[in-house]
Amino acid sequence: MGIVVVTSLLSPRRVVTLGEVQCSDDWCISVTSIMPVTTADDTVIEVVFRLSSRARRVPQRERFVVAYVLDGEGRRYEAEPRPATI
């Protein structure tokens with residue numbers, strides 16, 4: 001367990017830009033838009049993802065994916081899932 005913690009702390013984090021596609025095996029994700037939405041109580045940052053798969057007939061999944069937003073000062077904002085309407 002100690003090795004996992006040390007490796008996690010020493011491994012560099014990847015910060016990706018808007019539209020940059022990240023793939024793991026046949027599973028890909030990218031951020032298509034980031035937009036502040038003002039509500040009566042607060043301002044929410046709405047992030048839209050594009051998910052795709054190049055897999056043929058084989059189910060794919062990615063574990064331990066974490067999405068969050070970093071502002072210009074390095075503050076981290078955790079995701080709150082909301083169902084998409086397509």
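Qualifying side-chain contact (heavy atoms from CB on, under 4.5 Å) partners for Val47, counting only residues two or more places apart in sequence or in other chains: Val31, Ile34, Ile45, Phe49, Val69.
When hydrophobic clusters are built by joining Ile, Leu, Val, Met, Phe, Trp and Tyr residues whose side-chain heavy atoms come closer than 4.5 Å, directly or via intermediates, Leu18 is not grouped with Val44.
With rounding to the nearest 0.5 angstrom, the OG atom of Ser33 is 6.5 Å from the CD atom of Glu46.
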